[in-house]
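Notes to accompany the following structure.
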Amino acid sequence: MGDDARLLMMAQQISKDGTEHEKKEQKTIAVRTARLNDLILGRTNGDAVLSQGKEAADAGLLEVALSREGLLDSLLVLYDECSKDAIKKKDKQIADFVTKYRPIIQETRERRVNVQDFDVKCLIGKGYFGEVHLVAERFTKQLYAMKKMTKESVSSNQVRAERDIMATRRSEWITPLQYAFQDQQCLYLVMEFLPGGDLLSLMIRVGVFDEELAQFYLAELTAALHSLHSMGYVHRDIKPENILLDRFGHLKLADFGNATAINDDGSVTSPMPVGTPDYIAPEVLQTLSTVGRATSSAKHDVTCDFWSMGIIGYEFITEHTPFHGDNV
């Protein structure tokens with residue numbers, strides 16, 4: 001065996017030993033405890049950013065579920081379920097649990113963020129699932145955008161995906177979530193207020209984009225979509241109204257009510273069609289004819305977002321969408 005071969009084997013063995021040592025270190029009590037504390041306090045180490053597809057989505061979901069707000073949500077849901085008379089009557093321990101934690105739950109609800117903490121300034125957006133208002137925090141006067149949705153109009157999966165995407169805070173291209181809470185009738189998402197408005201408003205003001213401006217926003221939109229896909233989600237409703245601008249004119253994605261996690265094979269299975277007619281990709285539109293059939297025939301992937309981006313690019317330079325019609 002030559003010297004080069006011996007050196008190569010030694011390097012491989014050192015690398016293997018290092019990997020095994022690293023795995024062993026990750027199992028120590030101190031490391032596990034530190035990681036748990038980071039999750040609860042919302043301090044992420046960025047590992048999930050390196051993941052792809054469903055693995056990234058699962059990592060983001062874990063961060064949200066084990067955060068302080070996620071754990072408090074779980075406690076309140078558990079308490080509300082246990083407080084039902086039919087359940088308390090069946091088990092004395094459950095009744096004792098409700099009695100013991102009643103003052104704690106009351107104190108927690110009073111201290112958590114609620115709709116009374118904000119003064120509504122004006123309506124800045126309205127969609128099928130709810131309304132978005134400009135609000136100011138009552139004491140600090142800090143401005144936010146607050147999305148209000150009635151529980152009857154949205155599914156838990158829709159709200160969970162939207163909240164989880166914005167709450168993970170792993171991308172500068174995603175509108176960050178500041179607070180999330182609910183009352184008996186409605187769900188609320190309080191987000192960063194972006195004073196630049198949406199891309200549609202800019203398109204109306206500018207008219208036909210010149211080549212440089214079109215390239216700039218298409219490049220930023222490409223980076224934003226890649227970031228979202230790397231987090232393990234596909235948007236499925238990319239349109240100018242769902243692209244917001246900050247004070248410097250840089251864009252951020254918003255309105256993730258139609259977003260869903262990407263499967264391990266890179267596909268997305270949609271039980272129902274989503275999106276906006278002028279911007280919807282053909283493969284997503286085909287789900288109209290596959291509802292009730294095998295789910296494999298209703299699959300699409302992240303390219304549906306890039307189709308919508310292409311429609312926006314066309315609209316930049318022509319001021320209308322390519323497939324618009326009265327019967328769309």
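Hydrogens, waters and symmetry mates play no part in the numbers below; they use all other heavy atoms, side chains included.
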Close side-chain approach of Val135 to Lys148, heavy-atom, < 4.5 Å: no
Just by modelled atom types, is the Lys239 backbone N or O under 3.5 Å from a matching donor or acceptor in the Ser308 side chain? no
If you measure from OH on Tyr179 to CG on Asn114, what distance do you get to the nearest 0.5 Å? 11.5 Å
Heavy-atom closest pair, residues Val31 and Thr28: CG2-OG1, 3.1 Å
One should read off an interatomic distance between Leu123 CG and His133 NE2, to the nearest 0.5 angstrom, of 4.5 Å
With Phe181, which residues qualify under ring-ring contact (aromatic ring centres under 6.0 Å, His included), at least two apart? Tyr188
Considering residues at least two apart in sequence or located in another chain, which fulfil the salt bridge (charged side-chain N to carboxylate O under 4.0 Å, His left out) criterion with Arg111? Glu107
Checking Leu200 now: which residues fulfil side chain to side chain contact (heavy atoms under 4.5 Å, CB included) with it, not counting sequence neighbours? Asp198, Ile204, Pro240, Glu241
Given 3.5 Å as the limit, does a donor-acceptor pair link the side chain of Thr318 with the main chain of Tyr314, or not? yes
Not counting sequence neighbours, which residues clear salt bridge (charged side-chain N to carboxylate O under 4.0 Å, His left out) with Lys252? List them please. none
With rounding to the nearest 0.5 Å, note down the distance linking CG in Leu71 to CG in Leu76. 11.0 Å
Do Asp246 side-chain atoms and Gly249 backbone N/O form a donor-acceptor pair below 3.5 Å? yes
To the nearest 0.5 Å, tell me how far Leu225 CG sits from Leu221 CG. 4.5 Å
Where at least one partner belongs to residues 127-140, residue pairs that pass salt bridge (charged side-chain N to carboxylate O under 4.0 Å, His left out), sequence neighbours excluded: Asp119-Arg138, Lys126-Glu131
Side chains of Val113 and Phe118: does their closest heavy-atom pair fall under 4.5 Å? yes
Of all residues at least two apart in sequence or in a different chain, which pass the side chain to side chain contact (heavy atoms under 4.5 Å, CB included) check with Ser153? Thr150
Spatial distance of atom CD1 (Ile94) from atom NZ (Lys88) [nearest 0.5 Å]: 10.5 Å
Taking side chain as C-beta onward, heavy atoms only, is Leu251 less than 4.5 Å from Leu194? no
Do Leu253 and Ile238 come close enough that some side-chain heavy atom pair is under 4.5 Å? yes
Residues in side chain to side chain contact (heavy atoms under 4.5 Å, CB included) contact with Ala281, at least two apart in sequence or another chain: Glu283, Val284, Cys304, Trp307
Please list, chain by chain and in numerical order, all residues satisfying side chain to side chain contact (heavy atoms under 4.5 Å, CB included) with Leu72, sequence neighbours excluded. Arg68, Glu69, Thr108, Arg112
Determine the minimum heavy-atom distance between Ala136 and Lys121, stating which atoms define it. CB-CE, 3.6 Å
I need the minimum non-hydrogen distance between His235 and Asn242, along with the two atoms involved. CE1-ND2, 4.1 Å
Quick one: salt bridge (charged side-chain N to carboxylate O under 4.0 Å, His left out) partners of Glu81, sequence neighbours excluded? Lys84
Could you pull out the closest heavy-atom pair between Asp183 and Lys151, with the gap in Å? O-NZ, 2.7 Å
Got a sec, which residues hit salt bridge (charged side-chain N to carboxylate O under 4.0 Å, His left out) with Glu162, two or more places apart in sequence or on another chain? Lys147
Would you find a donor on one side and an acceptor on the other, under 3.5 Å apart, between the side chain of Asn263 and the backbone of Asp265? no
For Gly313 against Leu218, the heavy-atom pair lying closest together: CA-CD2, 3.9 Å
Can you tell if the side chain of Glu192 reaches within under 4.5 Å of the side chain of Gln178, non-hydrogen atoms only? yes
Counting C-beta onward and ignoring hydrogens, is there a side-chain heavy-atom pair between Leu199 and Ile312 closer than 4.5 Å? yes
Answer yes or no: are there more than 12 heavy-atom neighbours, outside Glu211 itself, under 6.0 Å from its atom CD? no
Heavy atoms, side chains only, cut-off 4.5 Å: are Trp173 and Glu220 in contact? yes
Kindly state each residue pair satisfying side chain to side chain donor-acceptor pair (under 3.5 Å) with at least one member in residues 94-105, sequence neighbours excluded. Lys92-Asp96
Any ring-ring contact (aromatic ring centres under 6.0 Å, His included) involving residues 194-220? Give me the pairs, sequence neighbours left out, ordered by first then second residue. Phe209-Phe316, Phe216-His250
Drop me the distance from Arg163's CZ to Leu189's CG, to the nearest 0.5 angstrom. 8.5 Å
Can you check whether Asp301 reaches Val234 side chain to side chain, under 4.5 Å on heavy atoms? no
